[in-house]
Amino acid sequence: MSAHTLMEITPTTFAPPIADKPAQADSEVHQTLIDIANLDFFYGETKALHDISLKIPEKEVTAFIGPSGCGKSTLLRCLNRMNDLIDIARVDRGTIRIRDIDIYQPDVDVIELRKRVGMVFQKSNPFPKSIYENITYGLRLQGVSAKSRLDEVVERSLRGAALWDEVKDRLHESGLSLSGGQQQRLCIARAIAVEPEIILMDEPCSALDPIATARVEELIHELKSKYTIVIVTHNMQQAARCSDRTAFFYLGRLVEYADTQTIFMKPSDAQTEAYVSGRFG
Amino acid sequence: MKSTERHIYSLRPSFHRRVEGAVVWVLRIATLIILVAGLAVFGDIIFKGSRTVFQTSFPFVNVAFLTEAPKTLYVFEHEGASFEMADDDFRAFRTGLEEEAAAAGLPAPQLKTKSYVYSAGGVFPNIVGTILLVMGSMTIALSLGVASAIYLNEYAKQGPVVRFIRLAILNLAGVPSIVFGLFGFGMFVIYFGWNVSLLAGWFTLAFMVLPVVITASEEALKAVPKGFREGSLALGATKWQTIRKAVLPYATPGILTSSILGIARVAGETAPIMFTAAYVVRDKLPWEVERAIDFLFQGVMALPYHIYVVSSKIPQNEYSERVQYGTAFVFLGIVAIIATTSIVLRNRLRSRYRW
């Protein structure tokens with residue numbers, strides 16, 4: 001599936017910036033990186049996820065879509081165990097394997113896991129520190145303090161997040177002095193500074209205006225050559241524009257999971273069709 | 001007919017508008033009463049106290065009052081003139097007279113004196129004692145209080161146990177200070193055998209302000225956005241790294257605000273220290289100790305206790321008011337200085353860690 005076909009099926013603006021990639025073939029080449037099998041998840045007594053099974057391929061963008069409360073964010077937060085922060089949250093049954101390692105095994109180091117599975121949040125949350133400090137935060141935690149190394153990572157990450165040209169002259173100003181869209185890209189830069197394998201994005205554009213959104217989407221396209229990206233969105237055009245595969249959730253169940261094109265053009269499930277065509281949700 | 005009807009924008013007051021006016025006045029008068037009472041209290045202390053602390057001749061500040069220990073005042077007449085002297089000056093004066101008389105071969109002159117305890121000298125040891133008590137107890141209260149607030153807010157599993165602990169802490173805030181004094185006396189002074197000492201006073205005062213410190217620190221921690229914690233954890237920080245680098249710096253201004261209230265309370269309480277740390281009078285200053293360890297186990301003089309002593313434990317006369325109000329004035333000044341320092345520090349931190 002190529003970016004161009006996508007553009008044609010979703011006439012609502014946005015030209016993907018990257019050149020054509022060999023269509024179809026590459027999604028076959030990419031191996032499964034995250035393998036979720038029969039996952040049941042509870043908040044206290046409430047079952048939030050019912051028997052979820054899905055395989056997320058490497059170096060592609062996978063979108064989770066669905067109406068509010070369908071469990072898509074919950075599932076995303078299972079992937080780096082952010083749900084551990086909630087006392088009453090628990091995985092009841094099933095496994096999540098990343099590179100064949102079950103991340104819910106008791107001997108898994110959550111800290112190491114989160115270094116490899118970065119996350120960008122719905123509300124941009126730069127620390128009230130300088131741009132430079134924001135980006136070096138993760139590395140400093142790991143004990144890196146050599147200035148040359150930090151400088152290099154700051155430049156690489158900011159370039160990676162398409163923010164370098166805008167902020168290179170004010171790296172020591174507060175991250176909060178940036179605009180909303182820039183702040184979100186700063187958060188992406190902060191996440192890629194620790195060189196994760198996977199980047200989870202939880203509705204990264206929901207608080208941004210259309211232009212800032214376009215820039216972040218552009219960035220997602222660029223990032224997928226290096227990273228595996230899982231994005232939660234309730235903006236269906238966004239899923240159509242920037243994802244390779246799409247999973248549709250409804251009421252805590254995975255309804256349909258397929259190539260983005262298939263989901264939007266010829267979904268096999270009636271609920272999916274109703275949702276992507278805007279009849280509910 | 002038309003003329004008796006009111007125009008809708010008429011200025012004639014309706015019932016509701018009259019009530020509105022009355023309510024505003026009730027509230028305004030209540031505020032004024034408080035204002036007047038406050039001004040009266042401060043005005044009285046400042047007016048009477050400044051007569052002790054300040055003077056009309058150079059250096060305009062009564063240096064002796066701020067740098068000397070309390071002394072007994074001797075009032076006597078000699079060769080037609082009346083004298084007011086502190087005890088050490090008086091003894092030197094009398095010895096001088098006796099030597100003069102002996103040299104001249106006369107009998108020593110008999111001076112008819114009246115003495116008034118604590119009415120001469122100053123309150124320097126009390127200032128020192130109060131500052132030591134505040135610093136020590138706030139150090140203890142802040143380290144224990146912030147530690148437990150971090151535990152309760154960041155680590156402990158929120159449930160009935162934690163709720164019960166919070167309730168217990170809140171209730172502790174309602175315990176009268178004299179009860180803390182009694183507890184400190186039984187626990188530290190008697191059972192631990194610390195005697196009446198700085199250490200016993202520190203812990204007693206610290207326990208008294210702990211509820212305030214814990215509650216306010218928890219509020220300050222809660223005010224730090226959840227996004228900071230999540231952002232930090234998602235980058236592979238441990239919980240403690242997150243707290244240290246992404247939570248605590250931003251909670252510090254709030255914690256300091258609470259400790260400012262704590263300082264005023266610690267400095268001002270008399271009841272908790274009267275059995276545990278305060279001496280009515282002590283000749284030595286706190287640093288005049290033989291071994292360093294003795295520093296912790298010595299009692300001190302303190303400003304609020306001194307006010308209590310000079311106001312109720314000595315015969316009242318025309319000289320005692322001077323020292324009462326002078327001490328109160330100095331006391332207010334000290335509290336104001338400590339509080340201002342904390343507020344400046346707090347504001348500086350706040351502007352540095354703004355979000």
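Just so you know, these numbers come straight off a predicted model, no measurement behind them. Sequence lines set the chain letters: A, B, ... in the order given, protein chains first and strands last, and positions in each chain run from 1.
- The environment of CZ in B/R166 is crowded: more than 12 heavy-atom neighbours from other residues, nucleotides or ligands sit within 6.0 Å.
- The neighbour count for B/F192 CZ, taken as heavy atoms of other residues, nucleotides or ligands under 6.0 Å away, is above 12.
- Within 6.0 Å of CZ in B/R348 there are 12 or fewer heavy atoms belonging to other residues, nucleotides or ligands.
- Here the straight-line distance linking atom NZ of A/K129 with atom CZ of B/F228 works out to 9.5 Å at 0.5 Å rounding.
- Looking at heavy atoms from C-beta onward, B/L235 lies out of side-chain contact with A/R114 at the 4.5 angstrom threshold.
- The contact between A/I111 and chain B is made by backbone and side chain atoms together, counting heavy-atom distances below 4.5 Å.
- Identified by a heavy-atom distance below 4.5 Å to chain B, the contributing residues of residues 190-207 of chain A are A/R190, A/A191, A/V194, in residue-number order.
- At a 4.5 Å heavy-atom cutoff, A/V110 makes no contact with chain B through either its backbone or its side chain.
- Heavy atoms of B/K245 lying under 4.5 Å from chain A belong to its backbone as well as its side chain.
- At most 12 non-hydrogen atoms from other residues, nucleotides or ligands lie less than 6.0 angstrom from NZ of A/K226.
- Chain B forms more heavy-atom pairs under 4.5 Å with one residue of A/I88, A/L141, A/N125 than with any other, namely A/L141.
- Under the 4.5 Å side-chain criterion, counting only non-hydrogen atoms from C-beta, A/K123 is not in contact with B/K226.
- In this structure, B/F164 places its CZ atom where only 12 or fewer heavy-atom neighbours from other residues, nucleotides or ligands lie under 6.0 Å away.
- Considering only heavy-atom pairs separated by less than 4.5 Å from chain A, the leading option among B/K157, B/E230, B/Q241, B/K239 is B/E230.
- Of the listed residues (B/A237, B/S232, B/G159), the greatest number of heavy-atom pairs within a distance under 4.5 Å of chain A belongs to B/S232.
- A side-chain donor-acceptor contact under 3.5 Å links A/D87 to the backbone of B/Q158.
- Considering every non-hydrogen atom in both B/A246 and A/Y137, the closest pair reads CB-OH, 3.6 Å.
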